[in-house]
Amino acid sequence: MFRHAIIARAYYNRKNTEIMSKRAKVLTIGDSNKTNKRVTKPANRKCCGFFAKSVNQLCMYLLGNGASLPADVKERLGADFDVSLQRIGRHALIDGCCWGFWTGDSVIPMYATEFFGLNDERTSEVKIGMRFYQADAKKPMFVEVFEIDGISVYRINNDEIRLEAEKRPYYRKVIKSGDEITEISVDQYSVLPVIALYGNDNQESYLSCGLKNDIDLYDRIMSDFGDNLDRANDIYYVVQNYGGANLRQLIEEIEEYRTIYTDGDSGAQIKTIDVPYAARSEALRLLERQMYKETQTLDTEELSGGGLTNVAIKAAMTELDLKADMFEWQAESFVAGILKFLNLKKPVNITFRRRSLINDAETISNIYKMRADIDQRTALELNPLIPESRIDEILRLTENSVDFKNRRYYGIRSN
């Protein structure tokens, strides 16, 4: 998982490993008795961003609005819980797994490239985890060992391993009494406070072997196409009735002077090279459609135009919804694992409000048609132009207004 996560991270950052390994070819022309001529052939490295687009689309579609939880529970999870959830979800899709460390008042992301868990051989539960980091290859490596009762830190320098910091508990409580501050340890955890969020049921990176091969082929065609353009971006002069001395002279003349000398009648002709375009364009189009289809990624170009109805939009987003359903199971399990540390007295319903593309005018028109059958809060919640954070404020201002008393004016049924 660690090795594959490194590769997937490179593809996410548009540094595709297959194309980035491509190097410019340097040809040496001549022999040992003469001055050699070095000719450099172009090596374009075009890396597409499809993998990043597909990952970000799924992550923000499901987790862009955070987790819908009661306000008091959300407050206990920390102000930045939704942001941490989005980061953990994104890296779960990239790496195959990402971990969330519950510190007692917030969740800290720990990626698969820095943390791994050791499963119990009988229950398969993660009982021990290790987080490793190193500032530089010449610097020592530090390893934090996560156990149920606390964290200990080890230092690895060459072949020497020594304890850097004694085990400390995860949660400490500070008690102030006048000028004295007392710190006591609170052993409140019965399981490891590090929860895994997986990108799928297989616990593998979203960069599958098939998708990686499709991206490599797409990038190779684009890069080779750029190479051909570089080699054929100028005109060539064909000078007749002149014999070239040898192959070396011919290549030098082509590379430096864009000139080819031949025997025959005297004169000069201007020639250009036509780079094959139609076949490459068709291959790129087919590959792109294949990647969209296999990864169930929404192609927003299909939703262009302002006349699309909500029915047509929902039909185009069916595949994305199916993929989001699979990922939502993992996200819900992760949030439920974090909530266990809050010791809640009653179960909490975990939901995610997905970001969707809709025809706003059609939606608002439908709300107006339903106005006699729904209350004002429901109407505001359905309105795509009104953020959820402003609903309570709008209701409060409306209730204080004089016009609110006139129910027939608003068309609202009395509760």
Side-chain angles (χ1 to χ4, degrees), residues 1-24 42-64 80 82-101 107-116 131-137 139 141 196-200 202-227 284 287-288 290-292 294-301 320 323-324 327 330-331 334 355:
M1 179 178 287
F2 174 82
R3 288 192 295 267
H4 195 80
I6 295 295
I7 297 174
R9 193 76 59 86
Y11 275 72
Y12 180 83
N13 294 325
R14 301 185 68 171
K15 297 179 180 179
N16 305 0
T17 54
E18 293 295 327
I19 298 302
M20 294 304 293
S21 62
K22 184 179 181 181
R23 295 290 183 268
N44 288 279
R45 291 174 286 182
K46 178 68 175 72
C47 299
C48 72
F50 180 84
F51 181 57
K53 175 181 180 179
S54 184
V55 166
N56 290 331
Q57 183 183 100
L58 174 57
C59 179
M60 300 310 294
Y61 177 64
L62 180 65
L63 306 177
D80 59 346
D82 286 337
V83 176
S84 296
L85 179 61
Q86 293 166 11
R87 290 177 179 173
I88 294 172
R90 182 173 68 250
H91 284 276
L93 295 172
I94 298 172
D95 304 339
C97 174
C98 190
W99 305 81
F101 171 40
V107 178
I108 298 178
M110 293 196 297
Y111 311 125
T113 52
E114 64 176 352
F115 180 90
F116 64 92
R131 178 173 178 260
F132 52 95
Y133 51 92
Q134 189 176 21
D136 185 79
K139 300 291 184 179
M141 176 180 287
L197 173 58
Y198 297 103
N200 48 58
N202 297 328
Q203 302 179 10
E204 296 177 350
S205 170
Y206 192 60
L207 183 70
S208 63
C209 181
L211 178 58
K212 180 179 180 299
N213 291 337
D214 288 342
I215 293 177
D216 290 341
L217 182 56
Y218 187 95
D219 291 344
R220 191 178 303 117
I221 294 175
M222 288 293 294
S223 300
D224 291 344
F225 185 67
D227 292 346
L284 291 174
L287 275 173
E288 189 172 358
Q290 180 74 5
M291 289 190 291
Y292 274 109
E294 287 192 355
T295 60
Q296 298 174 284
T297 302
L298 175 65
D299 186 1
T300 53
E301 291 185 1
L320 179 59
K323 184 172 61 171
F327 186 46
Q330 305 295 335
F334 171 79
R355 288 184 174 180

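By the 4.5 Å heavy-atom criterion applied to side chains, His91 and Arg9 are counted as neighbours. Contact of the Met222 side chain with the Asp219 side chain is not registered, since no non-hydrogen atoms from C-beta on lie closer than 4.5 Å. Taking the side chain as every heavy atom from C-beta outward, Lys46 and Ile19 never approach each other to under 4.5 Å. Between Asn16 and Phe51 the shortest side-chain heavy-atom distance does not fall below 4.5 Å. Counting heavy atoms from C-beta outward, Arg90 and Leu63 have side chains that stay 4.5 Å or more apart.
With sequence neighbours excluded, the residues satisfying side-chain contact (heavy atoms from CB on, under 4.5 Å) with Arg131 are Met110, Glu114, Phe115, Tyr133, Glu144, Phe146. Residues passing the side-chain contact (heavy atoms from CB on, under 4.5 Å) test with Phe50 are Cys48, Ser54, Leu211, Met291, Tyr292, Thr295, Thr297, sequence neighbours excluded.
Remark: Tyr198 OH to Gln330 CD distance equals 9.0 Å, nearest 0.5 Å. Within the model, atoms CH2 of Trp99 and CG of Leu197 stand 10.5 Å from one another, a figure rounded to the nearest 0.5 Å. For the atom pair Asn13 CG and Met20 CE, the distance stands at 11.0 Å (nearest 0.5 Å). Atom CG of residue Leu217 and atom CD of residue Glu18 lie 11.5 Å apart, to the nearest 0.5 angstrom. Remark: Ile88 CD1 to Ile108 CD1 distance equals 9.5 Å, nearest 0.5 Å. Between the CG atom in Leu207 and the CG atom in Leu93 there is a gap of 11.5 Å [rounded to 0.5 Å].
Ala10 and Thr17 make their closest contact through CB-CG2, 4.2 Å (heavy atoms, listed as atom of the first residue, atom of the second, distance). Between Thr113 and Ala5, the closest heavy-atom pair is CG2-CB, 3.9 Å. The minimum heavy-atom distance linking Ala92 with Cys98 is given by the pair N-CB, 3.8 Å. Taking both residues in full, the closest heavy atoms of Gln134 and Lys139 are given as NE2-O, 2.7 Å, listed atom of the first, atom of the second, then distance.
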Report task. Go through the steps for Phe327 and Asn200 under the test side-chain contact (heavy atoms from CB on, under 4.5 Å), then give the verdict. Result -> CA-CA 6 Å; Phe327 186 46; Asn200 48 58; over 6 Å; no

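The closest donor-acceptor contact from the side chain of Gln86 to the backbone of Cys59 lies at 3.5 Å or more, if one exists at all. In this structure, the side chain of Ser205 does not engage the main chain of Ala8 through any donor-acceptor pair within 3.5 Å. For His4 (side chain) and Glu204 (main-chain N/O), no donor-acceptor pair under 3.5 Å exists by modelled atom type.
Tested against Ile94, the residues Tyr111, Tyr11, Tyr12 include a single side chain to side chain contact (heavy atoms under 4.5 Å, CB included) partner, Tyr12.
For the pair Lys212 and Asp216, the salt-bridge criterion is met [side-chain N within less than 4.0 Å of a carboxylate O].
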